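Reviewing the structure listed below.
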There are 2 protein chains.
Amino acid sequence: MNPIGPAVKRPATLDDVAAIAGVSAKTVSRVVNRDVNVSAATRERIEAAIRETGYRVNQAARSLAASRSFLIGAFMPHLSSFYFAEIFRGAAKACRQYGYHLVLEEFDHGADSVVDRYEQGLRGAHCDALILTPPVCDDEKLLDALDRDGLPYVRIAPGKQLGRSVAVGADERRAVEQLVRHLWDAGRRRFAIIAGPADHAAAMVRERAFCDALGALGGDPAGVALTRIELNESIAEAGRIATLDLLRGSNPLPDAIFAFNDEVAIGAMAAIRELGRSVPEDIAVAGFDDSYIAQLVWPPLTTIHQPIADLAFQAVRLVADPEGFSTGNILLPTRLVVRGTT
Amino acid sequence: MNPIGPAVKRPATLDDVAAIAGVSAKTVSRVVNRDVNVSAATRERIEAAIRETGYRVNQAARSLAASRSFLIGAFMPHLSSFYFAEIFRGAAKACRQYGYHLVLEEFDHGADSVVDRYEQGLRGAHCDALILTPPVCDDEKLLDALDRDGLPYVRIAPGKQLGRSVAVGADERRAVEQLVRHLWDAGRRRFAIIAGPADHAAAMVRERAFCDALGALGGDPAGVALTRIELNESIAEAGRIATLDLLRGSNPLPDAIFAFNDEVAIGAMAAIRELGRSVPEDIAVAGFDDSYIAQLVWPPLTTIHQPIADLAFQAVRLVADPEGFSTGNILLPTRLVVRGTT
DNA sequence: TTTTTCATTGTCAGCGCTGACATAATTAGA
DNA sequence: TCTAATTATGTCAGCGCTGACAATGAAAAA
């Protein structure tokens, strides 16, 4: 293996392929880019030459000439490694399908300013488009900066300024209504929400949906106790601490907790256990995301499933597929998954 | 927001900055690239012009001219979203620090051939270097392909052909020895290993280390029951199924299980619970990685901590830092974290 | 047949930058 | 003082590709 430096073997170029196939470089370019107007015979000869040389398009040259980078950027907030991994999985799949590459920018929620991260990081990558997840998808300063630079973006699950861009979302409201009804029917009456960070607008929409649904059933939305987690190293730990605080200050204790996500819910379960209470007998717990750990903790966690990877896939498709932008917003289904904690 | 297409505003170029600062484009380039031979006065004027224009280097042009892409590639196997997220976090931090960008290639362990993924995906990105995690870091065909293309790479925790490349690893053997001693001292005598995929060489080294350490204590390495997980949608689920199989075929039951990673360990705990046994009374369980969920399950999981993010950081540093390659291999510390399951 | 159309292929400038090299300005040394 | 070494800046080709446009040839229409 070699240190970074001049490539050991000069990769084949369009000209190399063209010389072998006996055509012009431009015609090879046409084949590579799937241009229609190339005769079958020529195409075959060129494809053979491409195989022979192992030719791969030089993205830098292509980008420079076409003034496109074929890069799609994304911020990766550290709210949940499951959410993060799923987003990546869906986005990567779509990128592969549409001939793009993913550029990821780390974003340490709380410590960094997204706009700074954009200015100092992603902006320099000259992406063709960005996909934005919560909470950065609702950061107005960031959106302003992107609009200023004329950089297209798709938002995943935005909670504010819904008309501002094309967006891909999940029907969170519906599943939250199902959850509230499920808890209500089980006789739960004293609700608490362990909420996510205040700038996570989608989560706040869920909180509102929770209260609305409760009101519709004759419950008291104003009586719902709400604590917001303080972000720290581990979000589950943050959930545990927030729940501890909430429970210590509650009399009577709530009998149902709706957590920001599964990790927070698991932290909440740890807190309940610490205070000598049991789930679901004393307190029911519900999470959000249906991450794989929801099935593995004990008792298995009731949660709301949303198609995270598909959300990201669709987001990339919107920008990468030439026909994508005409599609308009996309709303994917969610569903309540009842397990042992409720 | 705009569909992908011609940029709305033409970004400033070196020439634009040069014109404002009254110097040549080359001198601006020198400032941008932190070349030393630029007078302070000139540098200041140019920096002001850069601020004024909002100039950002065009990576495509820079890449083309310098024949470097400033991209570092990585495969992202779906073995553990925690591991994945940590690797990413460390690598992204280092990339930021050294002026590189990360390109991630999805790799669906089991379904895909890594070499295909490389040929069809990452190779086209023309990365300057790759960082390889298990299990792909031990894929000889991939390494052959990389060597053939003269593409530098750093391996993280390789388990085979250790001399073949620069590598960053964790001292897994030492922590495994501590674990075995810990289990032995607690009176455990019937051991089982829920092992990872067969191509994960680093994990196999751990298995061997486990048996060696057992032998050193006077135990019977040959008596260690070993099952390998079958990869499926969820690795924890794979761990649960493998453990179920193992326990159903065991008489007497093992009294200690060492799992491939924390997620598998959690699956194992679920299986033990399903069979009506308890952790740690009947069976002790230990994982690997010290992921955040290890602290949240009940009982909290005994596991081996390894600095995953730092591993990736160092790997990127080796290729990105001009002085990196002279550093040679790097071995980072691990430690046994004893919690409630043992 | 001649003209028009259209599918196919070619030509060439130039995207924005950097490496190699040349030159000018300054400083150190003799 | 003058020359040599050093520092600061400039010139320019060309990285590999694509967009705009031109040219060619063959089929369709007149």
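Note that the coordinates shown come from a computational prediction; the quantities given were computed from them, not determined experimentally. Per chain, numbering begins at 1; letters A, B, ... match sequence-line order.
Of all non-hydrogen atoms in Met76(A) and Ile87(A), the two that sit nearest each other are CE-CG2, 3.7 Å. Here the shortest heavy-atom pairing between Leu102(B) and Phe88(B) reads CD1-CD1, 3.6 Å. Taking both residues in full, the closest heavy atoms of His126(A) and Gln59(B) are given as CD2-N, 4.1 Å, listed atom of the first, atom of the second, then distance. Contact between Lys141(A) and Val115(A) at its shortest, heavy atoms only, is CB-CG2, 3.6 Å. The minimum heavy-atom distance between Ile156(B) and Cys137(B), with the atom names listed, is O-SG, 3.5 Å.
Near DNA chain D, meaning a heavy atom under 4.0 Å away, there are no residues from residues 41-53 of chain A.
Just one residue in the list Val154(B), Asp138(B), Leu143(B) forms a side chain to side chain contact (heavy atoms under 4.5 Å, CB included) with Leu132(B), and that residue is Leu143(B).
Using a 4.5 Å heavy-atom threshold, the side chains of Ile72(B) and Ile131(B) count as touching.
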Quick tally for nucleotides 16-27 of chain C: nucleotides whose base has a protein heavy atom under 4.0 Å get B, sugar-phosphate-only ones S, the rest -, giving BBBB--------
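Both the sub-6.0 Å distance and the 45° axial angle are not jointly satisfied by Arg117(A) relative to the ring of Phe75(A).
Of the side-chain N and O atoms in Ser39(A), none sit less than 4.0 angstrom from OP1 or OP2 of dT8(C).
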